[in-house]
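None of these values were measured; they are calculated from a predicted model.
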Amino acid sequence: MASLVVRPSILCCVLKTARKFSDRNTFFWRSYSTDTDDRLPKIYTKTGDKGFSSTFTGERRPKEDHIFEALGNTDELSSVIGLAREFCLERGHLFTYQLEKIQCILQDVGSNIATPQSSARESHLNRTKFTGAPITDLETWIDTFTEELPPLTNFILPSGGKSSAALHIARTICRRAERSVAPIVRSGEADPEIGRFLNRLSDYLFTVARYAAFKENNKETIYKRPD
C-alpha cells in the first residue's frame, strides 16, 4: 500500500477475473474476460500521468501532497530494511524475522497514511486502523538487545560492517519518514500510533545496528573531534 494504492473493488475484480497458472517455475496472470483473450494485464495504468494520484478513499491529490510524500518515505524505509535484512541473512543473524515483520507492519502504516480521515468512510477506517501493539514488540526487542550490548559511552558513527551500516541507513530514513508523518498525525488525518511506531522504530534500528556489529565482532567507529 505504501507505493501503490488499489481500491478494494478494483482488487476484488482483478482477483475474480484472473487466474494464476504455472509453466514449470514461471507464473503468469491470465485474464479470462473472453475465451480467447490471453493478454496479460499491464503494470502501468497511466492514471498518474498528469501528476495526480488517488488515496485509498478515492480522493485525487497532487503527487507532491504530504500524504504521498509520507507514503514514499515509508516505502523507501521498507526497501532499505529489506536490503539490510539481506546483509543480516548472509551473516546468519537470528533477528532477521523481526526485520521482515517490521516490513509487513510498514505496509499497514502505509495503509493508514493513505486513508485520510477527513475523506474516509467508517468502512475505510475499520480496514486501515493502526494500533499500538507493534510498539510493544519493538520495546521488548530493544530491551533484549541492550542487555547484551556494552554500555554506550561515546557518540558512534554509522559503521560496524555491512549489516550494521545498512541498518544505520534505515534508521536515518526512518527519522525522515517520522518527520513527514508528524504533520499528518497532528492534523488528525492519521492514527497517532503511526508516529509513535516510527519513533520507536528508529530506536530499534539504532540498537540492532549496534547488536549486528557486536555479534560480528566488528568495531564501531567512535566520534572524535577533528584536529
Counting C-beta onward and ignoring hydrogens, is there a side-chain heavy-atom pair between [X] and [Y] closer than 4.5 Å?
X: I135; Y: Y204; result: no
X: C174; Y: E178; result: no
X: I173; Y: N73; result: no
X: N199; Y: R175; result: yes
X: L201; Y: I105; result: no
X: V109; Y: F130; result: yes

Rounded distance (nearest 0.5 Å) linking atom [atom1] of [X] with atom [atom2] of [Y]:
X: D137; Y: I142; atom1: CG; atom2: CD1; value: 11.0 Å
X: I184; Y: I194; atom1: CD1; atom2: CD1; value: 9.5 Å
X: R200; Y: L138; atom1: CZ; atom2: CG; value: 8.0 Å
X: L99; Y: E86; atom1: CG; atom2: CD; value: 10.5 Å

Distance-minimising heavy-atom pair for [X] and [Y]:
X: A170; Y: L77; result: O-CD1, 3.3 Å
X: F206; Y: R171; result: CB-CD, 3.5 Å
X: S159; Y: T221; result: OG-N, 2.8 Å
X: S180; Y: A70; result: OG-CA, 3.5 Å
X: S163; Y: A212; result: CB-CB, 4.1 Å
X: G195; Y: V185; result: N-CG2, 4.3 Å

#### Entry: Residues in side-chain contact (heavy atoms from CB on, under 4.5 Å) contact with E148, at least two apart in sequence or another chain
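Expected list: Y211, K215.
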### Query
How are the rings of Y97 and W141 set to each other: parallel, tilted or perpendicular (split at 30° and 60°)?
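Judged by the thresholds at 30° and 60°, the geometry between Y97 and W141 is perpendicular.
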Consider only side-chain heavy atoms of I, L, V, M, F, W and Y, link residues closer than 4.5 Å, and tell whether [X] and [Y] are in one cluster.
X: I169; Y: L106; value: yes
X: I222; Y: F155; value: no
X: L152; Y: F214; value: no

### Query
Does the side chain of D191 come under 3.5 Å of the side chain of Q117 through a donor N or O and an acceptor N or O?
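Judged by distance alone, the side chains do pair up.
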### Query
Do R176 and E76 sit within salt-bridge range, that is, some charged N less than 4.0 Å from a carboxylate O?
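Counted as a salt bridge, because a side-chain N and a carboxylate O are separated by less than 4.0 Å.
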#### Entry: D108 and R127 ion-paired at < 4.0 Å
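No, this pair does not count.
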### Task
Using side-chain contact (heavy atoms from CB on, under 4.5 Å) as the criterion, point out the one residue from I81, V208, V80 that pairs with L167.
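Filter result, single survivor: V208.
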#### Entry: OH/Y223: more than 12 non-hydrogen atoms of other groups inside 6.0 Å
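Counting neighbours around OH of Y223, more than 12 heavy atoms of other residues, nucleotides or ligands fall under 6.0 Å, so yes.
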### Task
With sequence neighbours excluded, tell me which residues meet side chain to side chain donor-acceptor pair (under 3.5 Å) with T131.
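By the side chain to side chain donor-acceptor pair (under 3.5 Å) rule, T131 matches no residue at all.
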